[in-house]
Every structure is written in C-alpha cells, then in structure tokens.
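Before any comments, here is the structure.
The chains referred to below are lettered A, B, ... by the order of the sequence lines, with proteins before strands, and numbering in each begins at 1. Values reported hereafter were calculated over all heavy atoms of this structure, with side chains retained and with hydrogens, waters and symmetry mates removed.
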Protein chains: 2
Amino acid sequence: MAKKKKREGKTTSKIFDDHDHGICFDDAIDQIENYFLKKNLQFTPLRRKVFEILIRDHKPLGAYEILEALGRDGFSSSPPIAYRVLDFLMEHGFVHKIQGLNAFIACSHPNHSHSPAFVICRKCEKVAEVDEKKSGISFASPNIDNFEVEKTTVEMTGVCTTCSRAATI
Amino acid sequence: MAKKKKREGKTTSKIFDDHDHGICFDDAIDQIENYFLKKNLQFTPLRRKVFEILIRDHKPLGAYEILEALGRDGFSSSPPIAYRVLDFLMEHGFVHKIQGLNAFIACSHPNHSHSPAFVICRKCEKVAEVDEKKSGISFASPNIDNFEVEKTTVEMTGVCTTCSRAATI
DNA sequence: CATAACATGTTATAACATAACACTATCAGT
DNA sequence: ACTGATAGTGTTATGTTATAACATGTTATG
C-alpha cells in the first residue's frame with residue numbers, strides 16, 4: 001500500500017488554489033445542469049450526487065471512496081454504480097480520470113472543450129488541472145502520420161511547493 | 001472485459017513500424033547490457049528474460065501476460081516477480097508503463113533520456129513511442145509555478161490508419 | 001398504456017498490484 | 001574461510017481496481 005493509502009493532502013501551492021472554490025462549486029453545478037438540460041440528458045439524483053461528491057472537495061477520489069460516500073448518503077454502493085456514473089460524466093467532460101492515481105476528479109473547465117493536463121503532487125496527491133496554454137505545455141498537432149488522436153492523457157508528477165518546503169524529500 | 005480482453009493486434013501504420021525490429025532488438029539488448037555493466041547493476045537471467053519478453057514482440061504486455069511467459073520459460077510466475085523486475089527496468093528507463101492499458105512496453109529509445117509520449121490505437125492496441133519533437137508535441141516548460149515536474153505521462157489514444165481503413169468504426 | 005430506451009440495483013468475478021516474510025546468492029571486510 | 005550486509009528471488013496471502021451478466025425500476029413517447 002505504498003503509493004495508494006491516503007488521499008487527504010492539504011497542501012497549498014499557487015497552481016493548486018488559484019480559484020474561489022465556493023464560486024467554482026456553484027458554477028460547476030450550474031454548468032452541468034444547463035448542459036444536461038440542453039442536451040436532454042438526465043441529471044439524476046445519483047449522477048448529481050456523484051458529481052457533488054467530486055466537486056465538493058475538488059480532489060481526486062478513487063471509485064471506492066466515491067462508493068463509500070454514496071453509501072453514507074443512502075445510495076447503493078456496489079462498484080458498477082460508481083463506474084457507470086463516472087463513465088457517463090467523463091463522456092460528457094465533467095469528470096476526468098487521473099491515470100497515475102486511479103482516481104477521478106471533477107473538471108475545472110467544463111465550459112470549454114479541452115484536452116486536460118494535470119499536475120500531481122506525489123506527496124500530498126493534490127491535483128491541479130492546468131490550461132494547456134498557461135502551463136507552457138502544448139500538443140501542437142494532434143495528428144501524427146494520419147493517426148487521428150481522439151483523446152490525450154497528460155499528467156505531470158512532482159512535488160508541490162508546499163510539500164517541498166515542508167520536508168527534505 | 002470490454003477494453004482489456006485482447007492485446008494481439010497486428011496493424012501497420014507508418015508511425016507503428018518505422019524501424020527494423022531485428023536491429024532494434026539486438027541494439028536494445030546490447031544497450032541494456034552495457035548500461036548495467038557500466039552502472040555495476042546485475043542484468044540477471046530473470047531481468048534479461050523479462051526484458052526479452054517485452055522487446056521480442058515490442059508491444060505492450062500486462063504484468064500477468066509477462067508472468068505467463070515467465071512461467072512457460074521455467075521462471076517463477078507469482079505476481080511480485082514481474083512487478084519487481086518491471087519496477088527495476090522502469091527505474092532505469094528500459095521499460096515504460098502505458099497507463100491507459102495497464103501494460104508495459106520496452107523503451108524504443110533507451111539511449112537518450114527522454115519524456116516518452118505514446119500513441120495508442122484503441123482498436124488493435126498497438127502502441128508507438130514517439131519522439132517529442134517529431135510528433136509535434138512538446139512540453140515546453142516542465143516548470144509550472146515552481147512545481148517541479150519529475151515525470152510526465154503523455155498518451156494519445158485514437159485509431160491507427162490500418163484499423164480505420166479496415167472498419168467503419 | 002404499451003413499449004422501447006435509459007437508469008439503477010445486485011451478485012459474482014476478473015484484472016491489476018502490493019505486503020510480508022522466507023530463502024539464496026553475492027560481495028566486502030576481517 | 002567466516003561474517004555480516006546487501007541485493008535478488010520465491011511464496012503465500014491479500015488488497016485494490018474494474019467489469020460481466022443479469023434483474024429491476026423509471027422515463028419519455030407514440
């Protein structure tokens with residue numbers, strides 16, 4: 001259980017909290033409601049709950065952590081429940097999977113379609129979704145020898161300022 | 001078992017075979033031998049075998065596929081065997097993990113230290129390791145607001161030319 | 001109000017990964 | 001050679017993540 005035991009982390013590093021999460025939360029709920037309304041998709045209590053669980057702390061959660069939270073809130077907590085809803089939310093861009101953590105996180109920029117990139121602190125496991133342009137990252141051409149890229153995964157792992165200040169590695 | 005059942009795939013698309021694998025194989029064995037010699041690290045029969053298994057077909061293999069192959073060749077095939085050797089080979093840059101497939105692949109460019117990027121066909125699951133520059137991808141600055149990036153994961157999923165020619169999605 | 005499509009619930013199991021400890025081999029210093 | 005440290009491998013058990021398969025309920029529409 002070396003790298004997967006805890007996901008608490010309470011670090012602050014500029015990139016990790018450059019937003020007012022109260023606003024972020026309300027905005028996000030608004031946006032997802034509008035999106036589903038517009039698309040004639042059901043924003044069911046279960047889907048809403050899963051999204052709320054993810055957005056309320058705005059940190060990556062494992063599927064089984066989400067299931068626990070669902071259970072606490074009176075929903076079913078068998079694995080397929082979480083995975084199905086997560087798949088659905090991911091399809092529509094409101095949730096992303098952090099491959100390096102086997103965890104899921106609410107999208108920080110659901111309004112504009114994007115290829116997300118994530119910065120992950122390996123000590124506190126805090127994750128920031130960064131804008132391609134702001135971060136200096138760029139996938140210039142998503143077309144490589146006629147290979148049509150449908151989806152990109154970009155994750156940068158390291159140690160955030162707070163964690164590196166706090167300890168000598 | 002939707003996305004994880006088979007890993008055979010026999011597609012050819014320019015990006016996927018722009019090298020002579022006979023040479024590639026020999027080179028790779030050479031390079032890894034020299035590297036370990038120079039670093040005074042043991043290139044044991046087990047480590048050699050795991051690397052050979054990975055390099056011989058040069059496609060991503062799951063840990064349990066590697067274990068089966070090890071078993072066939074008379075080695076122990078309990079999970080920690082594979083994971084330990086894979087970790088070791090990854091530490092030294094001779095193997096990469098493809099997060100999107102939970103699979104491992106021999107490095108195509110072990111000689112120069114690099115941040116690998118992978119192109120993955122979601123139909124045949126063939127994988128190509130691409131050069132950052134050639135592919136038009138670039139992580140310009142690995143430093144984002146003082147966050148020091150130690151490791152990057154870049155994977156591009158789509159459909160390769162051969163697969164897209166072969167079917168109508 | 002039937003029915004097709006969608007959504008959720010449940011059980012079981014598959015697939016991926018690590019902990020903990022035992023044993024063996026290698027090598028440096030005496 | 002002996003001794004102890006280090007590294008490598010073996011084994012059992014278990015933890016963690018994810019899906020298959022099928023049952024039931026719910027919703028939108030004709």
*Mind calculating the distance between NE2 (A:H92) and P (C:dC6) to the nearest angstrom?*
11 Å

*Counting N and O atoms only, with roles assigned by atom type, does the side chain of B:E155 sit under 3.5 Å from a partner on the main chain of B:Q99, one being a donor and the other an acceptor?*
yes

*CD of A:E68 versus C1' of D:dT17: gap in Å, rounded?*
14 Å

*On a plain distance test, is the side chain of B:Y64 in donor-acceptor contact with the base of C:dA17 below 3.5 Å?*
yes

*asked:* Any side-chain N or O of A:K97 below 4.0 angstrom from OP1/OP2 of D:dT17?
replied: no

*Indicate yes or no: at least one non-hydrogen side-chain atom of A:T44 is less than 4.5 angstrom from one of A:V85.*
no

*Just by protein heavy atoms under 4.0 Å, how would nucleotides 7-12 of chain D read 5' to 3' in B, S and -?*
SSBBBB

_Atom-to-atom span, NZ of A:K49 to C1' of C:dT8 - whole angstrom_ = 17 Å

*Rounding to a whole Å, what distance do you find between A:I98:CD1 and D:dA18:C1'?*
18 Å

_It should be established whether B:N102 places a side-chain nitrogen or oxygen under 4.0 Å from OP1 or OP2 of nucleotide C:dA17._
yes

*Does D:dG30 have a Watson-Crick or wobble mate here (both distances under 3.5 Å), and if so which one?*
C:dC1

_Against B:E33, only a single residue in B:R48, B:K39, B:R47 fulfils salt bridge (charged side-chain N to carboxylate O under 4.0 Å, His left out); can you say which?_
B:R48

*Between P of C:dC16 and CZ of B:F104, the distance in whole Å*: 9 Å

*asked:* Any heavy-atom pair between the side chains of A:T152 and B:V154 that's under 4.5 Å?
replied: no

*asked:* Whole angstroms only, please: what is the CG-P distance between A:L86 and C:dT8?
replied: 12 Å

*CG of B:N40 versus C1' of D:dT6: gap in Å, rounded?*
14 Å

*With sequence neighbours excluded, what pairs up with B:Y64 under the side chain to side chain contact (heavy atoms under 4.5 Å, CB included) test?*
B:L67, B:P79, B:Y83

*asked:* I need the CG-P distance between A:L61 and D:dT17, as an integer number of Å.
replied: 12 Å

*Shared hydrophobic cluster, B:V119 / B:V159 (ILVMFWY, side-chain heavy atoms < 4.5 Å)*: no

*May B:Y83 be described as stacking on the base of C:dT18, applying a 5.5 Å centroid limit and a 30° limit on plane angle?*
no

_Is the ring pair B:H92/B:Y35 parallel, tilted or perpendicular, if the boundaries are 30 and 60 degrees?_
perpendicular

